[in-house]
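Each residue takes its place number in the sequence, starting with 1.
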Amino acid sequence: MTKVLVIGAGGVGSVAVHKMAMNADIFPDITLASRRKFKCDDIAASVLTRTGVTIKTAQVDADNVAETAALIREIGATHVVNLALPYQDLTIMDACLETGAHYLDTANYEPRDEAKFEYHWQWAYQDRFKEAGLMALLGSGFDPGVTSVFTCYLKKHHFDRIDTLDILDCNGGDHGQHFATNFNPEINIREVTAVARHWENGDWVETPPMSVKQEFDFEQVGPKNMYLMYHEEIESLKTHLPEIKRIRFWMTFGDAYIQHLTVLQNIGMTRIDPVIYEGKEIIPLQFLKAVLPEPSSLGETTKGKTNIGVIATGIGKDGKEKTLYLYNICDHEDAYAETGNQAVSYTTGVPAMIGTAMMVTGTWSGEGVFNIEQMDPDPFMDMLNKHGLPWQIKELDAPLSF
């Protein structure tokens with residue numbers, strides 16, 4: 001029998017286990033584990049209330065390979081869904097290899113002491129997973145994840161060749177806080193303050209953080225400023241779809257967010273190197289995380305919608321150049337009503353459930369380490385429509401003007 005261990009009790013982990021419990025025919029045995037078991041217990045209580053399904057809970061230090069492997073063995077997990085911090089990807093992958101469990105995550109590994117988002121650490125596990133007869137599926141969130149599946153769907157059904165790809169991530173929600181992040185503050189701020197990179201004509205092009213801004217009118221959200229950033233799916237997409245000449249990632253931020261972040265940077269609160277405070281080493285960004293609102297607490301107050309998708313320009317199946325926009329709109333209040341979490345968590349947790357379902361059912365299979373764009377997009381796209389993230393596609397009159 002399939003037994004799934006989900007590691008991570010934040011908003012994404014909460015959404016994932018709620019959605020798994022709603023699909024008990026696929027997920028008959030679910031355990032949620034975290035360093036803080038009480039958070040797992042709270043989520044399990046919500047799952048029981050909302051779905052009538054009982055899930056198990058456990059405590060685990062995912063930085064510890066032996067402890068993680070012991071838990072996998074104890075519950076007999078066949079699949080491990082890593083929704084913890086990206087720092088823990090490699091230790092959880094090691095534990096899966098030690099115990100013979102399949103692996104899935106939503107974000108690539110990054111070292112704690114450097115804001116460096118690259119897949120090479122995880123791709124280096126290819127031979128070990130292949131020799132063990134195990135599958136590791138990387139990046140089954142929204143971005144990375146759904147946006148990569150969107151791209152492959154467009155290539156499979158609409159394009160002979162994609163020349164340019166823009167990934168647009170808009171959160172039009174308002175949580176009512178002066179300053180808060182919609183997912184883990186430490187990870188969010190590390191991403192935003194990193195040097196921006198995009199792929200163009202076979203090479204990386206770097207620009208200072210948050211220095212390139214464009215306005216875009218997002219359906220059901222309205223005009224928003226979006227900023228050019230680096231995101232890990234650029235690396236995997238340019239590797240697996242090398243025909244694409246330019247790949248860019250854009251994310252929206254409000255003026256208040258930018259102002260607060262600028263001040264925090266200027267006073268050193270976003271530093272990830274240790275400083276001495278009262279004789280002890282602390283990481284300023286980790287301290288900042290501790291005083292900011294917990295993202296999983298924002299669901300009740302957040303209103304508005306997200307709009308995330310891809311715009312591709314290339315040569316269509318008819319031999320003519322075209323530009324297509326494939327996207328999803330998700331409502332924060334609807335997401336909260338269903339799972340008790342806001343839409344940013346929902347749009348990552350649902351794809352984590354779907355990716356796991358693809359593996360559990362054997363719809364997607366293989367031995368080794370895979371990125372999500374290496375799989376057939378069609379069954380994943382079907383499940384998005386059925387499980388809360390319906391998508392739509394439209395043709396634009398022209399490519400983006402910027």
Side-chain angles (χ1 to χ4, degrees), residues 119 137-140 142-170 197-205 212 214-221 223 226 228-251 307-329 351 354-355 358 363-366 370-386 389-402:
Y119 274 113
L137 183 65
L138 310 182
S140 188
F142 207 107
D143 43 357
V146 173
T147 51
S148 299
V149 174
F150 280 177
T151 303
C152 293
Y153 181 86
L154 290 176
K155 175 65 190 300
K156 180 176 179 178
H157 295 286
H158 296 278
F159 286 100
D160 279 341
R161 187 188 76 226
I162 295 176
D163 293 324
T164 65
L165 181 74
D166 285 273
I167 302 165
L168 282 60
D169 184 326
C170 169
R197 291 194 296 163
H198 72 275
W199 183 255
E200 190 162 0
N201 294 323
D203 207 353
W204 292 108
V205 179
V212 179
Q214 296 289 345
E215 185 179 82
F216 189 84
D217 191 356
F218 291 89
E219 183 179 334
Q220 298 188 39
V221 175
M226 59 182 190
L228 189 67
M229 293 175 56
Y230 176 72
H231 228 235
E232 62 253 47
E233 64 265 41
I234 301 177
E235 181 186 17
S236 63
L237 284 168
K238 68 93 174 171
T239 299
H240 298 120
L241 285 84
E243 70 188 58
I244 305 179
K245 297 173 184 172
R246 188 189 71 203
I247 309 174
R248 301 182 296 188
F249 180 92
W250 306 86
M251 183 174 282
N307 183 322
I308 313 174
V310 301
I311 296 177
T313 295
I315 303 302
K317 299 293 186 183
D318 58 3
K320 299 178 181 178
E321 182 175 289
K322 63 171 59 178
T323 300
L324 295 179
Y325 184 19
L326 176 53
Y327 57 99
N328 161 264
I329 297 171
I354 295 175
M358 295 289 102
T363 304
W364 287 352
S365 61
F370 301 90
N371 287 90
I372 199 166
E373 64 268 17
Q374 294 175 267
M375 301 292 140
D376 179 9
D378 290 358
F380 193 101
M381 294 287 281
D382 289 343
M383 284 195 73
L384 287 171
N385 280 329
K386 294 173 183 175
L389 292 177
W391 47 270
Q392 48 193 307
I393 185 171
K394 64 183 179 182
E395 185 165 1
L396 302 184
D397 294 334
L400 291 175
S401 60
F402 49 84

Check your understanding: Is a donor on one side and an acceptor on the other found under 3.5 Å between the side chain of Lys317 and the backbone of His158?
Key -> no
Check your understanding: Just how far is it from atom CD of Gln220 to atom SG of Cys170, taken to the nearest 0.5 Å?
Key -> 11.0 Å
Exercise for review: Measure up the Tyr325 and Phe216 rings against each other and bin them: parallel (under 30°), tilted (30 to 60°), perpendicular (over 60°).
Suggested key: perpendicular
Point to revise | Pair listing, side chain to side chain donor-acceptor pair (under 3.5 Å) test, anchored in residues 370-380, at least two apart | key: Trp123-Asn371, Lys156-Asp376, Lys156-Asp378, His157-Asp378, Ser236-Glu373, His240-Glu373, His240-Gln374
Review point. For the side-chain contact (heavy atoms from CB on, under 4.5 Å) test, which of Asn328, Leu326, Ile329, Asn385 pairs with Gln392?
Key: Ile329
Exercise for review: Please tell me if the side chains of Leu168 and Phe218 come closer than 4.5 Å, counting only heavy atoms from C-beta onward.
Suggested key: yes
Check your understanding: Atom CD in Glu235, atom CD1 in Ile247: separation rounded to 0.5 Å?
Key -> 10.5 Å
Review point. Do Val212 and Trp250 have side-chain heavy atoms sitting under 4.5 Å apart?
Key: yes
Review point. Within the side chain of Glu243, is there an N or O that forms a donor-acceptor pair under 3.5 Å with the backbone of Ile162?
Key: yes
Practice item. Find out whether Met358 and Pro379 are in side-chain contact, i.e. whether some heavy atom of one side chain is under 4.5 Å from a heavy atom of the other. Key: yes
Point to revise | Shortest non-hydrogen separation from Ile234 to Trp204 and the atoms involved | key: CG2-CZ3, 3.5 Å
Study note, to complete from the structure: In terms of heavy-atom contacts, Leu137 and Gly355 come closest through CD2-O, 4.2 Å
Revision key, fill the gap. In Pro351, Pro377, Ser140, the residue satisfying side-chain contact (heavy atoms from CB on, under 4.5 Å) with Ile372 is Ser140
Point to revise | Between Trp364 and Phe380, ring centroids under 6.0 Å | key: yes
Practice item. Working to the nearest 0.5 Å, report the span between CE of Met251 and CG of Leu228. Key: 12.0 Å
**Study point:** His231 side chain reached by Ile167 side chain, heavy atoms, under 4.5 Å
**Key:** no
Review point. Which atoms form the tightest heavy-atom contact between Arg248 and Phe402, and what is the distance?
Key: NH2-O, 2.8 Å
Review point. Should Cys152 and Leu241 count as side-chain neighbours, where that means a heavy-atom distance under 4.5 Å?
Key: yes
**Study point:** Distance, nearest 0.5 Å, that separates CD of Glu232 from OG of Ser148
**Key:** 9.0 Å
Point to revise | salt bridge (charged side-chain N to carboxylate O under 4.0 Å, His left out) partners of Glu200, counting only residues at least two apart | key: none
Check your understanding: Closest heavy-atom contact between Phe159 and Thr313?
Key -> CE2-C, 4.1 Å
Review point. Are there more than 12 heavy atoms of other residues, nucleotides or ligands under 6.0 Å from atom NZ of Lys320?
Key: no
Point to revise | Arg246: which of Asp203, Asp163, Asp166 passes salt bridge (Lys or Arg N to Asp or Glu O under 4.0 Å) | key: Asp166
Check your understanding: Atom OG1 in Thr363, atom CD1 in Ile354: separation rounded to 0.5 Å?
Key -> 11.5 Å
Review point. What distance separates Arg161 CZ from Lys155 NZ, expressed to the nearest 0.5 Å?
Key: 10.0 Å
Point to revise | Heavy-atom check, side chain of Val146 versus side chain of Phe150, under 4.5 Å | key: yes
Practice item. Scan for salt bridge (Lys or Arg N to Asp or Glu O under 4.0 Å) pairs involving residues 391-402, sequence neighbours excluded, and state none if there are none. Key: Glu219-Lys394
Practice item. Search all heavy atoms of Thr147 against all heavy atoms of Val310 and return the closest pair with its distance. Key: O-CG1, 3.6 Å
**Study point:** Heavy-atom closest pair, residues Leu384 and Trp391
**Key:** CB-CD1, 4.0 Å
Practice item. Would you mind reporting whether Met383 and Leu389 have side-chain heavy atoms less than 4.5 Å apart? Key: no
Exercise for review: Could you give me the CA-CA distance, side-chain angles and deciding distance for Ile311 and Leu400, then say whether side chain to side chain contact (heavy atoms under 4.5 Å, CB included) is met?
Suggested key: CA-CA 8 Å; Ile311 296 177; Leu400 291 175; 3.9 Å; yes
